[in-house]
Amino acid sequence: MLTKTQLRKRWADPEFSENIAIPRDRPPTEAELQGVDLRGIPKLGNGEPLWHFAIHDSKSAGIDFSFGDGCLVVVGSELIDTRLEEFKFDRATRFNDANFIRCDFQRSRLRLNATDSHFINCDFGLSTFAGGHSEYGFTRCTFTDCSFRSGRWSGTFFKACTFESCDLTQFQIIDSVVTCIKHRDCVGFSDDIFSGGDIRTVIDIA
């Protein structure tokens with residue numbers, strides 16, 4: 001079993017990086033994405049070895065990005081059983097019209113823009129969000145059966161987003177802009193989740 005440090009260091013070995021299953025000169029196809037091991041990948045999508053990595057119009061399962069960092073672009077795609085544990089997202093990350101099903105974002109460091117995307121049975125436990133002055137966040141996104149236990153999201157914006165049947169125990173949204181959040185059947189949802197920021201509309205749709 002490789003440690004996190006070993007997973008990251010292996011990418012410095014030219015022989016290892018040159019023999020990965022993902023192409024280096026273009027975005028991968030749907031077939032090339034299935035079950036690929038990218039643990040510890042550095043500078044995904046914005047540096048060597050995978051400058052061109054992006055996921056467009058694909059349905060993939062079992063990708064492992066854990067302990068890596070970089071820019072993840074997902075457009076018109078569905079990711080199933082994808083691991084992003086402790087991944088450090090670059091500010092250029094964006095999710096557009098994307099579905100994430102049973103994906104693991106535990107302890108990840110989020111900074112991204114997501115639009116018209118859906119998160120189903122995903123785990124954001126102990127994750128952080130560093131959005132600056134509410135420059136990054138979620139527009140028309142839904143979260144269903146997701147866990148945010150002990151997450152700490154700061155400087156995040158939420159526009160027309162819905163949380164349904166989620167676990168929000170000890171989740172914190174700090175110095176953020178909420179134009180509209182709807183919630184239903186969530187554990188741990190209360191006004192204490194919000195600290196500072198501009199909280200405009202929060203609706204219980206039970």
Kindly give the heavy-atom pair with the smallest separation between [X] and [Y], and that separation in Å.
X: Val202; Y: His183; answer: CG1-CD2, 3.9 Å
X: Phe16; Y: Arg10; answer: CD2-O, 3.3 Å
X: Ala98; Y: Val74; answer: CB-CG1, 3.8 Å
X: Met1; Y: Gln6; answer: O-OE1, 4.2 Å
X: Asp90; Y: Ala92; answer: OD2-N, 2.8 Å
X: Leu44; Y: Phe87; answer: CD2-CZ, 4.1 Å

Of Lys159, Arg94, Arg140, which is the lone residue that meets salt bridge (charged side-chain N to carboxylate O under 4.0 Å, His left out) with Asp116?
->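 It is Arg140, the one option of Lys159, Arg94, Arg140 that forms the salt bridge (charged side-chain N to carboxylate O under 4.0 Å, His left out) with Asp116.
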
Is [X] salt-bridged to [Y], going by a charged N under 4.0 Å from an acidic O?
X: Lys43; Y: Glu48; value: no
X: Arg39; Y: Glu85; value: no
X: Arg102; Y: Asp145; value: no

Can you confirm whether [X] sits close enough to [Y] that some side-chain heavy atom of one is under 4.5 Å from a side-chain heavy atom of the other?
X: Trp11; Y: Asp13; answer: no
X: Arg152; Y: Ile174; answer: yes
X: Phe158; Y: Ile173; answer: yes
X: Leu33; Y: Phe53; answer: yes
X: Leu168; Y: Phe163; answer: yes
X: Leu50; Y: Ile41; answer: yes
X: Phe157; Y: Val178; answer: no
X: Phe148; Y: Trp153; answer: yes

Criterion side-chain contact (heavy atoms from CB on, under 4.5 Å) on Glu86 and Lys4, from CA distance to verdict | CA-CA 10 Å; Glu86 293 191 38; Lys4 288 186 288 186; 3.2 Å; yes

Between [X] (side chain) and [Y] (backbone), is there a donor-acceptor pair under 3.5 Å?
X: Ser190; Y: Asp192; result: yes
X: Thr82; Y: Leu79; result: no
X: Ser77; Y: Val75; result: yes
X: Arg8; Y: Phe67; result: yes
X: Gln106; Y: Gly125; result: no

Run the numbers on Thr115 and Phe95 for side-chain contact (heavy atoms from CB on, under 4.5 Å), then give the verdict.
-> CA-CA 6 Å; Thr115 304; Phe95 304 151; over 6 Å; no

Just wondering, are more than 12 heavy atoms of other shown residues or ligands nearer than 6.0 Å to CG in Asp191?
-> no

How long is the gap from [atom1] on [X] to [atom2] on [Y], to the nearest 0.5 Å?
X: Glu78; Y: His118; atom1: CD; atom2: NE2; result: 10.5 Å
X: Phe138; Y: Phe143; atom1: CZ; atom2: CZ; result: 4.5 Å
X: Cys146; Y: Asp123; atom1: SG; atom2: CG; result: 8.5 Å
X: Cys166; Y: Asn121; atom1: SG; atom2: CG; result: 9.5 Å
X: Phe171; Y: Cys186; atom1: CZ; atom2: SG; result: 10.5 Å
X: Leu84; Y: Phe100; atom1: CG; atom2: CZ; result: 8.0 Å

Start with the C-alpha distance between Phe119 and Phe124, add both sets of side-chain angles, then the distance that settles ring-ring contact (aromatic ring centres under 6.0 Å, His included), and finish with yes or no.
-> CA-CA 10 Å; Phe119 302 84; Phe124 293 90; 5.8 Å; yes

Criterion side chain to side chain donor-acceptor pair (under 3.5 Å) on Ser150 and Gln170, from CA distance to verdict | CA-CA 5 Å; Ser150 300; Gln170 295 185 329; 3.3 Å; yes

For the pair Ser108 and Phe89, evaluate side-chain contact (heavy atoms from CB on, under 4.5 Å) and give the outcome as yes or no after the intermediate values.
-> CA-CA 8 Å; Ser108 62; Phe89 289 88; 4.1 Å; yes

Salt bridge (Lys or Arg N to Asp or Glu O under 4.0 Å) filter on Glu30, not counting sequence neighbours, yields none

